[in-house]
There are 2 protein chains.
Amino acid sequence: MNVRDMLLHGAISLTPSEERIVQVLLTDYPAAGLGTATSLAKRAGVSDPTVVRLAMKLGFEGFPALQRRLLADVEARLHSPLLMMEAKRPDMGTHSEQGAAIAYMHSVASNLNKALTSTPLASYQRAARLVMDTKGKVVLLGGRYSRFIAGMLAAYLLQFRPDIMHIDALSAQKTDVLVDLGKRDLLIVFDYRRYQLDVVAFAQLAAARRVRILLFTDPWLSPIAEFSELTLTCPIEVNSPYDTMASSVAQIEAVIAQILASMEKRTRERIEELEEIRLQASASLDNARLLEEEKPALASMTTK
Amino acid sequence: MNVRDMLLHGAISLTPSEERIVQVLLTDYPAAGLGTATSLAKRAGVSDPTVVRLAMKLGFEGFPALQRRLLADVEARLHSPLLMMEAKRPDMGTHSEQGAAIAYMHSVASNLNKALTSTPLASYQRAARLVMDTKGKVVLLGGRYSRFIAGMLAAYLLQFRPDIMHIDALSAQKTDVLVDLGKRDLLIVFDYRRYQLDVVAFAQLAAARRVRILLFTDPWLSPIAEFSELTLTCPIEVNSPYDTMASSVAQIEAVIAQILASMEKRTRERIEELEEIRLQASASLDNARLLEEEKPALASMTTK
DNA sequence: GAAATTTTGTAATATTCTCTTCAGCAATGT
DNA sequence: ACATTGCTGAAGAGAATATTACAAAATTTC
């Protein structure tokens, strides 16, 4: 069993700072673990003893032992047949003008795969718990683009619990919501690179008021990571001047899935039924068309 | 220039024992160099000072410096997209309550792959042309969830052309925009299943006014497909009571990529520069950490 | 074949890294 | 509110590692 799997599916329960280490390690696997223990600790924003303790928790004699294992992994992977193929990979550099969209989709796919392998299950579980265990309000905030993701998550969460509040565009007035927030509340903030000053500032103010913070960011970490309780990272780089948001969307959906899974069976069933009903209600609209003819579809549409 | 090439094509003359080291290093590259200097020396049958001297001869400050370079090489090779795919998938099927989030991510990944292979390039090209060739206004509309995707696309398009208008929540008032629309205008509508009556109705009214329609929907086709000029479908089913929007997001991003590719070179470059500048502005925040040491990162984060 | 030069290893030193101890802190239960 | 438990980081001891200094081989040169 290689180290990556130990981290992803390991049966050991991790403390928050240990989790941060794991996240760093997975995001930049295995290079992040091949330096010194102290460098890894700094990157994760924890102290070196914590790194050492994690190594031991994983069953190693100490950090160097873990490192040796990591090295073995590298070796194995570098000699894998896949890497041989890699050598003759077509140069992605040429946008080729023609298949730009297709090339882009491929690039997103590999991005998603990266996301898949770089976030441990525990992070999702923690996020789910954080959201559902919060007694007070849950406030959502995002940047220029990511505010749409915040909106999506808000729309989902509305169905699971009350007191959801999405701050769409950050204005001076909106900052006022802060006065009502305290340590029983949760701020879910999305901040991918080109970290927006106003968003960071808002989060900082919230942190000062002891509001708990759940941060979604990229592997380079928004400054907000400094004072967030839990940080979920997600790769965003693709061959385009813009970054992709597809993986981020998948990620919040995954959190939703995790919330659903951890719910009481009855509660979950009620929600599933609810969706089922909504689906049927709309399906009746155009089912006929799909199964039979086109005419009924138009008919049903003109009826209301 | 990576270390391997330095060793292979280096212009420096090597002493016999140095050559032995190089040989070992190349035989097991780069793993052999990632341990301690002493371990490498032993494998080559020489003493450790010889190893250190070689490192310096190659232009490094010392052995650790060479090691850092070696690590960078590994990272570059390991981060190639293809290799990310290799990270094997755990057994699906077992929803297991535990790994709900992970299972979900896998399911999204395969969904995306499906999207990848089921939409021809021509569709993206036509969508791109449709958007950019429209002389009049471009109005965007979505449903309960998909309106966020509409919002994203609107945010992107704003940078490419004027007269972009996102109808966020559909109200009676908003329907009024219809009176200003005609056959020179374009309606981009997102309508995934649980096709919303109001959205369909709006599209229908637009169609009646001869507004051109670009529809994003799922493979079961929204009724709007009946009167849209171009329909892009995208699979949305995953193992969850909800549908995924990740692929849809990827899809609109792909359209953006296609638009960028089909633009005049100069125009595109200007936009890319713009993004580049935005990126650097924020990157300067924490770049130091990634390229050099850990210290500056923490410093920069606390500094503002 | 001896001196000069280069190469190499041993030993001592300097540096860096790991890991233990301990005390502070927050969360949780009584 | 108080005690308990577990998590965390600061500090420093101790170990491992890299590097320097120097002397012994080996090689070359005359």
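Numbers restart at 1 for each chain; the letters A, B, ... are given by sequence-line order, proteins then strands.
If you measure from atom CZ of B:R20 to atom P of C:dT8, you get 10 Å, rounded to the nearest angstrom. Taking atom CG of residue A:L66 and atom C1' of nucleotide C:dT18, one finds them 13 Å apart after rounding to whole Å. The distance between atom CG of A:L58 and atom P of C:dC19, rounded to the nearest whole Å, is 13 Å. Distance CD1 (B:I21) to C1' (C:dT8): 11 Å, rounded to an integer number of Å. What separates CZ of A:R129 from P of C:dA27 is a distance of 13 Å, to the nearest Å. Rounded to whole Å, atom P of D:dG9 lies 13 Å from atom CG of A:L54. Per the geometry, CD belonging to A:E19 stands 15 Å off C1' belonging to D:dT8, to the nearest Å. Remark: P of D:dA16 and CD of A:E61 are 12 Å apart, rounded to the nearest angstrom.
The phosphate of D:dA18 (OP1 or OP2) has a side-chain N or O of B:T38 nearer than 4.0 angstrom. The phosphate of C:dT10 (OP1 or OP2) has no side-chain N or O of B:S47 nearer than 4.0 angstrom. Residue B:T50 places at least one side-chain N or O closer than 4.0 Å to OP1 or OP2 of C:dG9.
For the pair A:T134 and A:K137, the tightest heavy-atom approach, listed with the atom from each and the gap, is CG2-O, 3.8 Å. Taking both residues in full, the closest heavy atoms of A:I224 and A:A203 are given as CD1-CB, 3.7 Å, listed atom of the first, atom of the second, then distance.
Comparing D:dA18, D:dA11, C:dT7 against the side chain of A:P49 picks out D:dA11 as the nearest. Comparing atom distances between the A:P64 side chain and each of C:dT10, C:dC19, D:dA18 picks out C:dC19 as nearest. The side chain of B:F63 has D:dA18 as its nearest neighbour among D:dA18, D:dT8, C:dG9.
Electrostatic pairing of A:R193 and A:D243 counts as a salt bridge here, judged by a charged N lying under 4.0 Å from a carboxylate O.
Side-chain N/O atoms of A:D48 and base N/O atoms of C:dC19 include a donor-acceptor pair closer than 3.5 Å.
Nucleic acid contact for A:V51: none, since no nucleic acid atom lies under 4.0 Å from a heavy atom of the residue.
More than 12 heavy atoms of other residues, nucleotides or ligands sit less than 6.0 Å from atom CZ of A:R126.
Ring-centre distance between A:F190 and A:Y145: not below the 6.0 Å cut-off.
A residue-by-residue look at A:R210 and A:R53 shows that A:R53 has its nearest nucleotide of DNA chain C further toward the 5' end.
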